[in-house]
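Working notes, beginning with the structure itself.
Just so it is clear, the structure is predicted and the values come from calculations on it, not from any experiment. A note on names: the letters A, B, ... follow the listed sequences, proteins ahead of strands, and every chain is numbered from 1.
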There are 2 protein chains.
Amino acid sequence: MGKCEQCIIKQFNSLKSLTKDELVRISNCKTSYTIKKGTVIFEEGETLNGVYCVKDGICKLSKLSENGKDQIVKMVVKGQLLGQRSLVSDESSNLQATALNDMEVCFIPKSEIIADLQKNPKFSFDVLKDMAHDLREADDIIVNMAQKSVRQRLAEALIYIHDSFGVNPDGTLSILLSREDFANIVGTATESAIRVLSQFKKEGLISTIGKQIKIEDIKGLKRIE
Amino acid sequence: MGKCEQCIIKQFNSLKSLTKDELVRISNCKTSYTIKKGTVIFEEGETLNGVYCVKDGICKLSKLSENGKDQIVKMVVKGQLLGQRSLVSDESSNLQATALNDMEVCFIPKSEIIADLQKNPKFSFDVLKDMAHDLREADDIIVNMAQKSVRQRLAEALIYIHDSFGVNPDGTLSILLSREDFANIVGTATESAIRVLSQFKKEGLISTIGKQIKIEDIKGLKRIE
DNA sequence: AAGAAAACATGACAATTATCATATTAAAAT
DNA sequence: ATTTTAATATGATAATTGTCATGTTTTCTT
């Protein structure tokens, strides 16, 4: 029983519906990679012929807009899959994936898994549930982007990162992002993100230890309007 | 062979993978409705126990934000399904559906179609493809909302409506929206939407016949930065 | 350890967008 | 047909956010 089998089950929780045989076969043809921080894993427009299973590290999924800014749409962490949509659609990727720190991934060729998707209805129904959930999340992001201020969006981004990816033993956010990354998550200028974070600090909502951010008053952040 | 069978095949183009037997059965248990303009078909938080198949008319899918504004996330027209996600997820709807004009719909109970989704792998794979496509579109909207100006977003909304839903014989957009609806699509104040549309008119990019809008210079709209 | 480069920070100002006030016009109701 | 209501329009102003300049700190390189 390969290590990939366990890894894959945890994340893409749809994969729990695969049979043992299916998992073993997939596990056998995986390839492991180490990806260095800052590396572009795949680019916008690139055709993916498989999925990456993230064993360790974090990456961002972003899309370049015409004004040259890179909008971060989603972050993928240890225990999740990268490039799921390539399994289902023949279109090229609409997003770029970039490692935010050193990563360990394993690659599963599309050819290995697509037959399961088409033959195992329970499996594909589970994947469907996953996508429906992603779609719902995307709706929420659209509304936030359209209706909320930079201050609100940044507060929510901090809360989201805190709740979804957790904190280090010292209470700082476990994911270390540059100010530019924060700007690209909330869709604002880097200077604006810096200013708002400074403001949060002055107000005692967050504190910083070097580049690390610690949320001091999560209720206060939630109260921002 | 019921009329619904044809209707359903056209739109949710995933339904093409259903067998004839499956379609006939579904067709038999459908219920037809007439929905008047302005009617709320379902609300945010409501649990849907089926899908609506739009035979005629248009509706908007929107989500109320905390500031009281209603962000339009998607528009559903004749030949499309409404509430697909309820088939797949047990979560309640995150969106509200409101008829933009008088509509003809038929309702298919979830119980009738869910078994097919779980037993017919080709069918559910096709649905999966559809959702992957929707997700890609949602990414694009997020980037637009985050990175583009109101002027750009409104120009793109006009082009989108023009290209996706077509025009009347006199060249006006076939979908008639209020200025407030336009504001809620691009995520801005009603006054701002009105101002930008007036500006477009002054610049000769669009013209108006009453409330109807006609695109006069689509290349000009696309050139807006 | 010193220098170069990148990231962070902040001020000054411009551009964009929201809000409030108030007309004007169009649509609906009686 | 006339009143009432809702939608459209526009000005004035405030608030938010972006851009450019510049300085400081941190990180990386050699």
- How long is the line joining CD of A/E180 and P of D/dG18, in whole Å? 14 Å
- Sub-4.0 Å heavy-atom contacts from residues 143-159 of chain A onto DNA chain C, ordered by number: none
- Task: Report the C-alpha distance between A/I72 and A/D181 in whole Å, list the side-chain angles of each, state the deciding distance to 0.1 Å, and finish with yes or no for side chain to side chain contact (heavy atoms under 4.5 Å, CB included).
- Result: CA-CA 8 Å; A/I72 297 179; A/D181 285 329; 4.0 Å; yes
- Please determine if A/K63 and B/D140 form a salt bridge, counting it only when a charged side-chain N lies under 4.0 Å from a carboxylate O. yes
- B/I159: which of B/L154, B/I224, B/L221 passes side-chain contact (heavy atoms from CB on, under 4.5 Å): B/L221
- Message: Using whole Å, what does the distance between atom C1' of nucleotide C/dA27 and atom CD of B/Q212 come to?
- Response: 15 Å
- Query: Looking across every strand, which nucleic acid part, if any, lies under 4.0 Å from B/K69 by heavy atom: base, sugar-phosphate, or nothing?
  - Reply: sugar-phosphate
- Task: Tell me whether the OP1 or OP2 atom of C/dC8 has a side-chain N or O from A/S198 closer than 4.0 Å.
- Result: no
- Item | Residues from residues 181-196 of chain A lying under 4.0 Å of DNA chain C - heavy atoms | A/E191, A/I194, A/R195
- Please name all residues satisfying side-chain hydrogen bond (donor to acceptor under 3.5 Å, both in side chains) with B/S62, sequence neighbours left out, ordered by chain then number. B/D70
- Please state how far atom CG in B/L176 lies from atom P in C/dA26, giving the value in whole angstrom units. 15 Å
- Message: Quick check: closest heavy atoms across B/M145 and A/A146, and the distance to 0.1 Å?
- Response: SD-CB, 3.8 Å
- Of the listed nucleotides D/dT8, D/dA9, C/dT10, the one nearest the side chain of B/S178: D/dT8
- Does a side chain donor of either A/E104 or A/T34 reach within less than 3.5 Å of an acceptor in the other side chain? yes
- Roughly, in whole Å, what's the span from CD1 in B/I209 to P in C/dT25? 19 Å
- Sorted by position of nearest nucleotide on DNA chain D, 5' first, the leading residue of A/K37 and B/L197 is B/L197
- For A/K211 and D/dT26, is the shortest distance between a side-chain N/O and OP1 or OP2 below 4.0 Å? no
- Can you tell me if CZ on A/F165 sees more than 12 non-hydrogen neighbours from other groups inside 6.0 Å? yes
- Round to a whole Å and report the spacing from CG of A/N101 to P of D/dT27. 16 Å
- Query: Can you name the closest pair of heavy atoms from A/E156 and A/N144 and give their distance?
  - Reply: OE1-ND2, 3.1 Å
- B/D90 with B/R85: basic N within carboxylate O range, under 4.0 Å: no
